[in-house]
Trainee: 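Before I ask anything, here is the structure I am working with.
If you're wondering where the values come from, they're calculated on a predicted model, not measured in any experiment. Letters A, B, ... are given to chains in the order of the sequence lines, protein chains preceding strands, and every chain is numbered from 1.
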Amino acid sequence: MSRIPDKPTPDGLEDRWIARWESDGTYHFDRSATRDEVFAVDTPPPTVSGSLHVGHIFSYTHTDLVARYQRMRGKHVFYPMGWDDNGLPTERRVQNYYGVTCDPSLPYDADFTPPEEPADPAIPISRPNFVELCLRLTEIDEQAFEELFKHVALSVDWRHLYTTISPEAQRVSQRAFLRNLARGEAYSAEAPTIWDVSFGTAVAQAEIEDRERPGAYHRIAFPRTDGEGDIEIDTTRPELLPACVALVAHPDDERYQPLFGSTVGTPLFGAEVEIRPHELADPEKGTGIAMICTFGDTTDVTWWRELQLGLRAIVDRDGRLKPVEWGSPGWECGDPATAQKAYDELAGKYLNQAKRRIVELLDEGGHLRGEERKITHPVKFFEKGDRPLEIVTSRQWYIRNGGRDDDLRQLMLGRGEELVWWPHYMGARYRSWVEGLNGDWLISRQRYFGVPFPVWYPVGEGGAVDHDSPIVPSEDRLPIDPTTDAPDGFDESQRGHPGGFVADPDVMDTWATSSLTPEIAGQWEDDPDLFARVFPMDIRPQSHEIIRTWLFATVVRAHFEFDSLPFRNSTISGWILDPDRKKMSKSKGNVITPMGLLEQYGSDAVRYWAANGRPGVDTAFDEKVMKVGRRLAMKLLNATKFVLNLTGEDAAAGLVGGEVTEPIDRALLAELRGVVDVATRSFDDFDYARALERTEALFWRFTDDYVELVKGRAYGDGSDEAIRSAHVTLATALSTFHRLFAPHLPFVTEETWSWWQDGSVHRAPWPTVDELAAGADGDPTVLTVAADVLSEIRRAKTEAKTSLRTEAETVVVSDTDARLALLAQADRDVTGAGRVRSLSTTPAEEFSVEVTLATA
RNA sequence: GGGCGUGUAGCUCAGCUGGUCAGAGCAUCUGCCUUACAAGCAGAGGGUCGGGGGUUCGAGUCCCUCCACGCCCACCA
């Protein structure tokens with residue numbers, strides 16, 4: 001046991017064991033294992049756009065705890081890692097980091113080098129140059145991510161690392177899309193689309209959030225065509241008046257019932273619009289009658305579609321009012337010249353500028369009633385954006401998800417039922433999302449750093465692009481970029497020419513690729529043998545706010561492609577909250593960087609903190625818990641050193657599981673059996689926290705009570721048989737504790753294990769009740785009674801403010817006969833540990849101990 | 001507006017299918033160099049388990065209701 005240091009410390013264990021695990025391939029996946037022998041993890045690929053924070057450490061540790069447990073249970077753990085580097089977050093980071101902006105019309109500049117400092121104003125660069133910078137920057141981040149994850153001992157098989165922008169991931173993504181397209185599950189359509197004017201791209205329903213914003217009601221009078229007065233409506237979007245195509249009120253609203261079918265003129269523009277009934281109109285809001293504009297919000301889209309109204313689109317893709325020719329088809333009005341004059345005051349202005357101006361115009365024209373009334377109301381934003389979303393009509397790609405098809409919706413709800421949710425109530429998030437879907441999944445983005453749609457369109461002889469007959473590549477060509485690759489049967493010279501082709505310019509949303517993480521990690525079609533061994537996966541760990549995006553989308557893709565779930569269990573982790581119980585996030589500036597914590601407390605201590613967070617429960621960030629974790633790690637080191645010293649050189653050889661004769665030794669093993677059982681069942685239910693809590697509780701009793709009680713015997717005080725019994729029990733317990741703690745404290749347990757065992761503790765078998773057979777008939781009360789008495793002796797010494805070394809002259813224990821009988825089975829250990837000269841007992845109803853201390 | 005969750009010692013949290021369930025750790029206080037550990041050890045004080053009803057022989061534990069907080073969803077007039 002020369003390997004045991006004099007002063008054990010958790011510091012520095014990380015570097016040594018990380019290197020060792022890497023060289024030994026401790027966490028390598030054995031791909032000869034069959035599916036039932038495999039435990040596969042659909043690891044969440046973190047977004048590569050900056051740095052990881054403690055929240056990542058928290059949730060990724062949870063997954064690792066389960067992976068390590070399963071590995072020790074004998075499963076072949078498939079535990080890949082991925083980096084989600086494609087998509088808007090990376091683009092945005094690159095723009096800020098280098099001070100560049102992507103202009104797809106520019107040619108590639110092979111000599112371009114980014115500025116040292118972010119350029120201001122931003123330098124426009126070509127799409128290929130832009131993509132190069134994205135790749136360069138993400139690579140830097142990804143190296144830091146990998147180092148951090150290794151440092152917290154994620155037992156990932158790093159040979160199975162993927163990135164979502166890699167050619168392999170693009171191939172999977174494009175292949176899945178083409179198959180969706182071939183089966184009719186993907187389609188393109190020209191339709192009103194929720195649009196972010198800052199990023200210049202369409203966004204999906206799942207990426208929208210409401211934010212409370214100040215606004216104001218303006219009451220506008222619409223003159224009735226029959227001259228019988230005005231209809232007053234309230235609106236927060238007066239700038240959309242030129243886009244008004246109808247007024248709408250509830251069919252049961254008696255105030256407006258007589259008016260349904262009649263018309264009014266729009267103020268300033270004189271367009272004649274009809275008053276229509278629709279259930280979505282709310283009699284309680286405003287004046288109970290609203291103007292329908294194309295388009296102010298998604299309700300407008302519903303009304304427009306269901307009432308089959310005309311289209312007057314005025315918002316362009318930059319969020320400005322576009323030029324309109326009043327009097328032309330679709331823009332009929334009573335007096336085109338007047339309408340045009342008014343509109344020209346607005347055209348070219350951004351929406352909020354147009355709003356101010358039109359209010360002035362309305363006011364001057366006497367069309368406003370009363371003062372504007374300021375309110376705050378929910379406004380829809382792209383979750384990554386900072387300007388309100390608009391709705392513009394554009395051609396986009398969609399994947400069906402049940403949002404417009406109730407049969408499919410029911411099937412998707414069924415998948416949610418089939419999936420096992422941990423915690424179980426998280427299934428409600430999925431259900432409410434699927435039930436609330438109001439359209440198919442919009443997957444195209446008018447962006448640059450993503451997976452291109454593998455699609456071209458034929459250009460007719462007249463130069464018209466035929467979007468309804470896309471040209472697709474064969475799967476063996478994938479991945480392709482249609483903007484640089486030509487379709488089969490064409491050559492590059494035909495690009496953009498009559499009779500030739502054009503590329504689809506868009507890229508897929510990042511969720512359209514990350515919804516395929518099981519397929520990407522499992523190398524679907526590229527390595528069918530591997531895929532068959534790992535798919536569907538066992539767990540999908542993730543946080544709850546992306547159930548509607550990542551989880552749901554992954555279920556949709558697997559449903560279509562494999563008619564199965566992509567994973568059996570969904571393990572949802574909570575959030576890390578700062579001490580004010582707010583979610584930690586970069587935008588709030590309350591993020592704590594993880595590397596400093598890992599270095600200060602040690603990785604095991606930080607993992608201990610993470611492991612204390614219950615599955616699915618938001619947890620406060622608390623460094624005090626890390627201190628406790630560090631103390632536990634330290635205790636494990638010292639206790640191991642001590643126990644191995646007590647048991648002697650032969651601790652490893654044959655002692656574990658040997659014969660145990662003393663009742664108090666059997667009592668400890670009986671307790672240990674209970675903990676092994678609970679820890680095992682807890683881990684089977686992904687409750688790593690309970691496993692730790694129970695293990696830890698017994699471990700402290702082990703060191704504070706059991707070891708104290710038996711150390712005299714273990715040192716040699718007693719019969720050979722009794723000494724041997726203590727040695728066997730200590731070694732058995734130590735081996736069990738090392739393995740029970742191994743998932744939580746991988747570094748110290750590996751260290752302590754190495755002092756007396758061969759191989760990695762992380763490849764050792766998970767302890768079982770059967771190994772602890774000697775405790776099967778043990779009575780735990782023996783240990784309890786002995787510890788109770790010892791505790792009373794300690795109390796007497798403490799209250800006398802004397803050292804625990806002080807001898808007790810006499811100790812008289814009063815207790816029930818049953819307990820006294822059990823105490824008798826351990827009395828020699830008790831007198832030894834308590835330094836008692838004379839121990840006697842008297843029967844009594846209540847437990848009490850009378851201690852007379854020896855005078856010093 | 002609908003749904004889900006949380007509310008237990010100053011703090012962070014355990015308390016699984018109702019009967020040692022009133023707990024742990026931290027913090028506080030009092031002590032102790034005890035042949036593993038002073039980044040340690042021994043001990044003490046501290047809570048009418050969010051409020052109010054109810055079921056029960058018995059309720060943090062089940063039911064109802066209210067309050068507070070968090071999250072998810074919901075058509076921006």
Trainee: Looking at B:rA44, B:rA74, B:rC41, which one has an atom nearest to any side-chain atom of A:R795?
Mentor: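 Nearest to the side chain of A:R795 among the choices is B:rA44.
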
Trainee: Determine the contact category for A:Q205: base if any of its heavy atoms lies under 4.0 Å from a base atom, sugar-phosphate if only primed atoms, P, OP1 or OP2 are that close, otherwise nothing.
Mentor: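 Counting heavy atoms under 4.0 Å across all strands, the contact made by A:Q205 is with sugar-phosphate only.
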
Trainee: Which is true for A:A800 with a 4.0 Å heavy-atom rule: it touches a base, it touches only sugar-phosphate, or it touches nothing?
Mentor: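 Counting heavy atoms under 4.0 Å across all strands, no contact is made by A:A800.
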
Trainee: Can you tell which of B:rA36, B:rU12, B:rC75 lies closest to the side chain of A:K711?
Mentor: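 Of the options given, the side chain of A:K711 lies nearest B:rA36.
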
Trainee: Would one find a side-chain N or O of A:Q600 under 4.0 angstrom from OP1 or OP2 of B:rA39?
Mentor: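 No, no such contact exists.
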
Trainee: So, do A:K355 and A:P238 sit near enough that their side-chain heavy atoms are less than 4.5 Å apart?
Mentor: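 They are in contact (side-chain heavy atoms under 4.5 Å apart), so the answer is yes.
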
Trainee: According to a strict under-4.0 Å criterion, is A:K7 in side-chain N/O contact with OP1 or OP2 of B:rA38?
Mentor: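 Yes, because at least one side-chain N or O of A:K7 sits under 4.0 Å from OP1 or OP2 of B:rA38.
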
Trainee: Less than 4.0 angstrom between a side-chain N/O of A:R690 and OP1 or OP2 of B:rG15, yes or no?
Mentor: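 Yes.
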
Trainee: Using Watson-Crick or G-U wobble geometry with both distances under 3.5 Å, which nucleotide pairs with B:rA42?
Mentor: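 Here B:rA42 is engaged in a pair, and the nucleotide opposite it is B:rU30.
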
Trainee: Please name the nucleotide paired to B:rC62 by Watson-Crick or G-U wobble geometry with both distances under 3.5 Å, or report none.
Mentor: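 Matched B:rC62 with B:rG54 under the 3.5 Å cut-off.
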
Trainee: Would you jot down, in residue-number order, the residues of residues 605-613 of chain A having a non-hydrogen atom under 4.0 Å from RNA chain B?
Mentor: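 Under 4.0 Å from RNA chain B: no residue of residues 605-613 of chain A.
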
Trainee: Using the P atom on both, measure B:rG54 against B:rU61 and round to a whole Å.
Mentor: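 Taking atom P in both B:rG54 and B:rU61, they lie 14 Å apart.
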
Trainee: Roughly how far apart, to the nearest Å, are B:rA9 and B:rG23 at atom C1'?
Mentor: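 B:rA9 and B:rG23 have their C1' atoms separated by 10 Å.
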
Trainee: Across all strands shown, which nucleotide pairs with B:rG47 by Watson-Crick or G-U wobble geometry, both distances under 3.5 Å?
Mentor: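 Partner of B:rG47: none.
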
Trainee: Grab the CG-P distance between A:D622 and B:rA14 for me, whole Å please.
Mentor: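 In whole Å, B:rA14 P lies 13 Å from A:D622 CG.
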
Trainee: In whole angstrom, give me the gap between the P atoms of B:rG50 and B:rG15.
Mentor: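 Looking at atom P only, B:rG50 and B:rG15 are 15 Å apart.
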
Trainee: Pick base, sugar-phosphate or nothing for A:R630, based on heavy-atom distances below 4.0 Å to the nucleic acid.
Mentor: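 The residue A:R630 makes base contact.
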
Trainee: Please tell me whether A:E846 and A:S848 have a donor and an acceptor in their side chains that are separated by less than 3.5 angstrom.
Mentor: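 Note: A:E846 and A:S848 side chains miss the donor-acceptor criterion.
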
Trainee: With nearest nucleotide decided by heavy atoms, which residue, A:Y217 or A:A206, maps closer to the 5′ end of RNA chain B?
Mentor: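 Upstream on the strand: A:A206.
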
Trainee: With respect to the phosphate group of B:rC41, does any side-chain polar atom (N or O) of A:K635 fall under 4.0 Å of OP1 or OP2?
Mentor: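 Yes, because at least one side-chain N or O of A:K635 sits under 4.0 Å from OP1 or OP2 of B:rC41.
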
Trainee: Just the rounded figure in Å: distance from C1' of B:rC76 to CG of A:N438.
Mentor: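 It is 14 Å, rounded to the nearest whole Å.
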
Trainee: Using atom P of each nucleotide, how far apart are B:rC21 and B:rU35 to the nearest Å?
Mentor: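 To the nearest whole Å, 36 Å.
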
Trainee: Could you check which of B:rC72, B:rC76, B:rG5 has an atom nearest any side-chain atom of A:Y425?
Mentor: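 So the side chain of A:Y425 is nearest to B:rG5.
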
Trainee: Mapping A:P388 and A:D704 to their closest nucleotides on RNA chain B, which lands nearer the 5' end?
Mentor: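 By nearest-heavy-atom nucleotide position, the 5'-most residue is A:D704.
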
Trainee: Do A:Y688 and A:H744 meet the criterion of a side-chain donor-acceptor pair at a distance under 3.5 Å?
Mentor: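 Judged by distance alone, the side chains do not pair up.
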
Trainee: For the base of B:rA36, is there a side-chain donor-acceptor partner from A:E708 under 3.5 Å away?
Mentor: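 Counting by modelled atom types and ignoring angles, a donor-acceptor contact under 3.5 Å is found here.
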
Trainee: Would you say A:K641 reaches B:rA36's phosphate, i.e. side-chain N/O to OP1/OP2 under 4.0 Å?
Mentor: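 Checking B:rA36 against A:K641, no side-chain N or O comes under 4.0 Å of OP1 or OP2.
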
Trainee: In sequence, state the C-alpha distance, the side-chain angles, and the governing distance for A:Y706 and A:L730, and then conclude on side chain to side chain contact (heavy atoms under 4.5 Å, CB included).
Mentor: CA-CA 9 Å; A:Y706 178 79; A:L730 286 166; 3.7 Å; yes

Trainee: Can you tell me how far C1' of B:rA42 sits from CD of A:E799, to the nearest Å?
Mentor: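 From A:E799 CD to B:rA42 C1': 11 Å.
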
Trainee: Which residues pass the ring pair (Phe, Tyr, Trp, His ring centres under 6.0 Å) test with A:W609, not counting sequence neighbours?
Mentor: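 A:F58, A:F621.
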
Trainee: Over all strands shown, is A:L280 touching base, sugar-phosphate only, or nothing at heavy-atom distances under 4.0 angstrom?
Mentor: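 Base, at least one base atom sits under 4.0 Å.
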
Trainee: My understanding is that only residues two or more places apart in sequence, or in another chain, count here; which of them pass ring pair (Phe, Tyr, Trp, His ring centres under 6.0 Å) with A:F699?
Mentor: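 A:F699 satisfies ring pair (Phe, Tyr, Trp, His ring centres under 6.0 Å) with A:F737, A:F741 once adjacent residues are dropped.
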
Trainee: When you check the side-chain N and O atoms of A:H738 and A:W755, is any donor under 3.5 Å from an acceptor?
Mentor: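 Distance-only check fails for A:H738 and A:W755.
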
Trainee: From CG of A:L734 over to C1' of B:rA36, roughly how many Å is that when rounded to an integer?
Mentor: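 Between C1' of B:rA36 and CG of A:L734: 12 Å.
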
Trainee: Measure from the side chain of A:W700, starting at C-beta and using heavy atoms only, and say which of B:rG15, B:rC41, B:rA36 lies closest.
Mentor: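 That would be B:rC41.
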
Trainee: Of all the choices, B:rA14, B:rC41, B:rC75, which nucleotide is nearest to the side chain of A:T299 once you look at every atom?
Mentor: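 The answer is B:rC75.
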
Trainee: When you compare the side chain of A:R794 with that of A:V851, does any pair of heavy atoms fall below 4.5 Å?
Mentor: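 A:V851 vs A:R794: side chains apart.
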
Trainee: I'd like the C1' distance from B:rG58 over to B:rA44, given in whole Å.
Mentor: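 After rounding to an integer number of Å, I get 32 Å for this pair.
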
Trainee: A:M626 has an atom CE; how far is it from atom C1' of B:rU12, in whole Å?
Mentor: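 Roughly 12 Å, once rounded to whole Å.
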
Trainee: Are any protein N/O atoms closer than 3.5 Å to N/O atoms in nucleotides 26-29 of chain B? If there are, list each pair with its distance.
Mentor:
| unit_1 | atom_1 | unit_2 | atom_2 | d |
| --- | --- | --- | --- | --- |
| B:rC26 | OP1 | A:R631 | NH2 | 3.4 |

Trainee: Between A:T619 and B:rC13, is there a side-chain N or O to OP1/OP2 distance below 4.0 Å?
Mentor: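 So the side-chain polar atoms of A:T619 never come under 4.0 Å of the phosphate oxygens OP1 or OP2 of B:rC13.
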
Trainee: Given atom CG of A:L692 and atom C1' of B:rC13, what is their separation to the nearest angstrom?
Mentor: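 Result: 13 Å.
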
Trainee: I want to check one thing: is the phosphate of B:rC73, taken as OP1 and OP2, less than 4.0 Å away from some side-chain N or O of A:R548?
Mentor: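 A:R548 to B:rC73 OP1/OP2: side-chain N or O found under 4.0 Å.
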
Trainee: Under 4.0 angstrom, heavy atoms only, what part of the nucleic acid is A:L389 near: base, sugar-phosphate, or nothing?
Mentor: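 If one applies the 4.0 Å heavy-atom cut-off, A:L389 turns out to touch a base.
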
Trainee: So what does A:T302 hit on the nucleic acid, given a heavy-atom distance under 4.0 Å: a base, only sugar-phosphate, or nothing?
Mentor: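 No contact.
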
Trainee: Using the ring pair (Phe, Tyr, Trp, His ring centres under 6.0 Å) criterion, which residues pair with A:W422? Sequence neighbours excluded.
Mentor: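 Only A:H424, A:F686 meet the ring pair (Phe, Tyr, Trp, His ring centres under 6.0 Å) criterion with A:W422.
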
Trainee: Does B:rG5 pair with anything, Watson-Crick or G-U wobble, both distances under 3.5 Å, and if so, with which nucleotide?
Mentor: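 Partner of B:rG5: B:rC69.
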
Trainee: Return the set of residues passing salt bridge (Lys or Arg N to Asp or Glu O under 4.0 Å) with A:D717 (not counting sequence neighbours), or none when no residue passes.
Mentor: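 Per chain and number, A:D717 pairs via salt bridge (Lys or Arg N to Asp or Glu O under 4.0 Å) with A:R828.
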
Trainee: Whole Å only: how far is the CZ atom of A:R694 from the C1' atom of B:rC13?
Mentor: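 Nearest whole value for this atom pair: 14 Å.
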
Trainee: From the list B:rA14, B:rC71, B:rA74, which nucleotide is the closest neighbour of the side chain of A:W433?
Mentor: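 Among B:rA14, B:rC71, B:rA74, the one nearest the side chain of A:W433 is B:rA74.
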
Trainee: For B:rC13 and B:rG7, measure between their C1' atoms and round to the nearest Å.
Mentor: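 Their C1' atoms lie roughly 12 Å apart.
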
Trainee: Looking at B:rC13, B:rC75, B:rG43, which one has an atom nearest to any side-chain atom of A:T298?
Mentor: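 Selected nucleotide (nearest to the side chain): B:rC75.
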
Trainee: Taking atom P of B:rC76 as reference, at what distance in whole Å does atom NZ of A:K355 sit?
Mentor: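 After rounding, the gap between these two atoms is 15 Å.
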
Trainee: Please classify the glycosidic conformation of B:rG40 as syn (within 90° of 0) or anti (everything else).
Mentor: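 Base orientation relative to the sugar is anti.
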
Trainee: May I ask which nucleotide in the shown strands pairs with B:rG25, Watson-Crick or G-U wobble, both distances under 3.5 Å?
Mentor: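 Paired with B:rC11.
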
Trainee: So, using side chain to side chain contact (heavy atoms under 4.5 Å, CB included) as the criterion, who are the partners of A:E417 when residues are at least two apart?
Mentor: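 By the side chain to side chain contact (heavy atoms under 4.5 Å, CB included) rule, A:E417 matches A:R431.
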
Trainee: Output all residues satisfying salt bridge (Lys or Arg N to Asp or Glu O under 4.0 Å) with A:K380, sequence neighbours left out; order by chain, then residue number.
Mentor: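 For A:K380, the residues satisfying salt bridge (Lys or Arg N to Asp or Glu O under 4.0 Å) (neighbours in sequence not counted) are A:D210.
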
Trainee: Over all heavy atoms of both residues, which pair between A:R429 and A:S432 is shortest? Give the atoms and the distance, please.
Mentor: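 The answer is O-OG, 3.3 Å.
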
Trainee: Taking only residues two or more places apart in sequence, or in another chain, which ones meet A:H544 in a ring pair (Phe, Tyr, Trp, His ring centres under 6.0 Å)?
Mentor: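 A:H544: ring pair (Phe, Tyr, Trp, His ring centres under 6.0 Å) contacts with A:W575.
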
